[in-house]
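So you know, we letter chains A, B, ... as the sequences are listed, proteins then strands, and number each from 1. Below, each value reflects all heavy atoms present in this structure, side chains not excepted, and no hydrogens, waters or symmetry copies.
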Amino acid sequence: MSDIRVRFAPSPTGNLHIGGVRTALFNYLYARQQGGKFLLRIEDTDRQRSTPEFEQEILGSLKWLGLDWDEELVHQSARLERYREVAQELVSKGLAYEFEGAIKFKIPKTEVKVYDIIRGEVTYDSKEFDDLVIMKSDGYPVFHLAVVVDDHDMGITHIVRGEDHLPNTPRHILLYQALGWKSPKYAHLPLIFGADGTPLSKRHGAVAVSEYRNKGFLPQGLINYLALLGWNPGTPQEIFSLPELVKQFSLKRVIKSNAQFNPEKLFWVNGQHMRAMPGEDYEREITAFWKDKLPAMPEEKWRKIIALYRPRIQIYGELKEQTDYFFTEPEYADAAMTGEIRQNAVSMGLLRQLLETLGSLGDFEDVQVLDQKTKQVVETAGLKSKDLIHPLRYILTGRSATPGIFELMSLLGKETCLKRLAAFLS
RNA sequence: GUCCCCAUCGUCUAGGUUGGUCUAGGACACCAGGUUUUCAUCCUGGUAACAGGGGUUCAAAUCCCCUUGGGGACGCCA
């Protein structure tokens, strides 16, 4: 146990996005690793844009990610009196003054040093700063005042936030000094950008955590990938569970330069987690994900399908598009392939023969038997099994790449297979 | 414009504090090969980077300066 206390302070004016998660994650990792507290504060002083829905969305996303917080949630909207009190205190000390109904903090002209854990010492000259509005004319505090008062009152020892806040820090330090409070330590994280180098936004595709969740990403996949954006353990390890990250994380190893968000690597990391998780977890989760979104089928069949596709998908959401032939008839969209098979008299002959052979089978339960019977047909004709398997795969699934064809035939069932084969040959 | 931060393969990064062991390592992506009925998984190999210029030094990716480039902040938003 240590007395380290950090916080994540989102404002409920939008969904929790990738950048926010990364900030929350690094705070979480630092707190958990140091045996400190990870607190959550809702910065809802923008009355126009803050909504309870966004707040719920943010909390829900954090829970889904497994970034559980300590103690009670703090809402800035519940602390208005406190901010007014502090603002008045500054006014009465002559350190702030009223201006057009608002209150401005009189910036002392001095050199301000920020000691940043990641960047080292950064010096500002406050004569570059204008006096700072700390209370709006509507009686609500401005971010700068609320942050300082809350961080002080909540006993925050380390502020870990995005680098976009670095220029705010000297102003905050001045406020701490004016109030006679001890300033926390700071760590400013590098920012995350889209592939084109501009700040991450809707243009770059999904930015909200909920979108990733809806697409069937794993929380541990997203967390793992985001941890690697701006931090690395200094070892070749790339795949981490949350507890492993907690164990290995260090603010000292956070990178200084901004990073680009790379969806491809996120997919890869997610796929690694999907393959590494216990089979029963995979089964349970992907089943829950697709429940009510796909037509029902016998449990045993479903279990075999998802097992077959585990190495072939990187997110749960990919399953449907890959397995469409289980739910709808093949469309044979590849005209070249379709023509090639139809015009090849030899393979058409083989396929007819196969249709007959398979028709004489009792059912398609036994994959071995399907394999043997099919190969017999080809071998009798003196050809290679792939000469028949490739056209067969295409006819049964409309695809040229699928899991093992005999397993698929067994899952598709005798009736469907013979029907598709007969339809194609007629 | 002013102030601040940053700068190694296309991307994420190791190495930089203690300059030599770096003809710069790993991962994603890409290419080639292997395994497989195809695909995927998996395995092997390959292409690919120290932004530029000065300086310090016997020696610089590593230290210093300048330039360039990128980013951030300059709101009664947070």
Watson-Crick or G-U wobble partner for [N], using a 3.5 Å limit on both distances?
N      : result
U44(B) : A32(B)
A14(B) : none
C58(B) : G20(B)
G1(B)  : C74(B)
U68(B) : A7(B)

With sequence neighbours excluded, residues passing salt bridge (charged side-chain N to carboxylate O under 4.0 Å, His left out) with [X]:
X       : result
E128(A) : none
E55(A)  : none
K419(A) : E329(A)

Problem - Worked verdict on D150(A) versus Y83(A) for side chain to side chain donor-acceptor pair (under 3.5 Å) - result: CA-CA 9 Å; D150(A) 289 337; Y83(A) 307 129; 2.7 Å; yes
Measure from NZ or CZ of [X] to the centre of the six-membered ring of [Y] and say whether it is under 6.0 Å with the direction within 45° of the ring axis.
X       : Y       : answer
K104(A) : F99(A)  : yes
R22(A)  : F261(A) : no
R41(A)  : F8(A)   : no

Counting the atoms with a prime plus P, OP1 and OP2 as sugar-phosphate, which does [X] contact under 4.0 Å by heavy atoms, base, sugar-phosphate, or nothing?
X       : result
L266(A) : nothing
S137(A) : base
R47(A)  : nothing
T13(A)  : nothing
Q272(A) : sugar-phosphate
I405(A) : base
H165(A) : base
Q260(A) : sugar-phosphate

Hey, can you pull the residues of [range] with a non-hydrogen atom under 4.0 angstrom from RNA chain B?
range                       : result
residues 75-112 of chain A  : F99(A), E100(A), A102(A)
residues 315-353 of chain A : none
residues 380-403 of chain A : K386(A), I389(A), H390(A), R393(A), S400(A), A401(A), T402(A), P403(A)
residues 114-131 of chain A : R119(A), V122(A), T123(A), Y124(A), E128(A)

Same-atom distance ([atom1]) from [N] to [M], integer angstrom:
N      : M      : atom1 : result
A7(B)  : U41(B) : C1'   : 38 Å
U62(B) : C66(B) : P     : 16 Å
A61(B) : C50(B) : C1'   : 4 Å
G10(B) : A24(B) : P     : 15 Å
A48(B) : A59(B) : C1'   : 27 Å
C64(B) : G16(B) : P     : 14 Å
U56(B) : C74(B) : P     : 42 Å
C63(B) : G15(B) : C1'   : 15 Å

| D46(A) and T13(A): side chain donor to acceptor below 3.5 Å |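 Side chains of D46(A) and T13(A): no pair found under 3.5 Å.
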Those residues that, when tested against [X], pass ring-ring contact (aromatic ring centres under 6.0 Å, His included) (two or more places apart):
X       : answer
H165(A) : F143(A)
W290(A) : none
F129(A) : none
F406(A) : none

- Please name the pair of heavy atoms, one in Y282(A) and one in Y309(A), separated by the smallest distance, quoted to 0.1 Å.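 Where Y282(A) meets Y309(A) most closely, the heavy atoms are OH-C, 4.2 Å.
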Tell me, with the steps shown, if N224(A) and H273(A) meet side chain to side chain donor-acceptor pair (under 3.5 Å).
CA-CA 9 Å; N224(A) 188 160; H273(A) 279 275; 2.7 Å; yes
* Anything under 4.0 Å to a heavy atom of chain A counts; send over the first and last such nucleotide of RNA chain B, read 5' to 3'. =>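 Footprint of chain A along RNA chain B, 5' to 3': U2(B) to A78(B).
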Y212(A) and ring-ring contact (aromatic ring centres under 6.0 Å, His included): which single residue from F217(A), Y225(A), Y316(A), F267(A) fits?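 The ring-ring contact (aromatic ring centres under 6.0 Å, His included) with Y212(A) is passed solely by F217(A) among F217(A), Y225(A), Y316(A), F267(A).
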**Report entry** First of K136(A) and G230(A) reached from the 5' end of RNA chain B, by closest nucleotide
**Finding:**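 Its nearest nucleotide lies further toward 5', so the answer is G230(A).
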Q: Report the residue (D164(A) or W268(A)) whose heavy-atom-nearest nucleotide on RNA chain B is the more 5′ of the two.
A: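 First, find each residue's nearest nucleotide; the 5'-ward one identifies W268(A).
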Test item: D366(A) and L361(A) side chains (from C-beta on) under 4.5 Å apart, heavy atoms: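 Heavy-atom side-chain distance check fails, nothing below 4.5 Å.
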Exercise. Does some side-chain heavy atom of V377(A) sit less than 4.5 Å from a side-chain heavy atom of L351(A)?
Worked result: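 Answer no - side chains too far apart.
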- Aromatic ring proximity Y176(A)/H152(A), centre distance under 6.0 Å: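 Not under 6.0 Å, so no.
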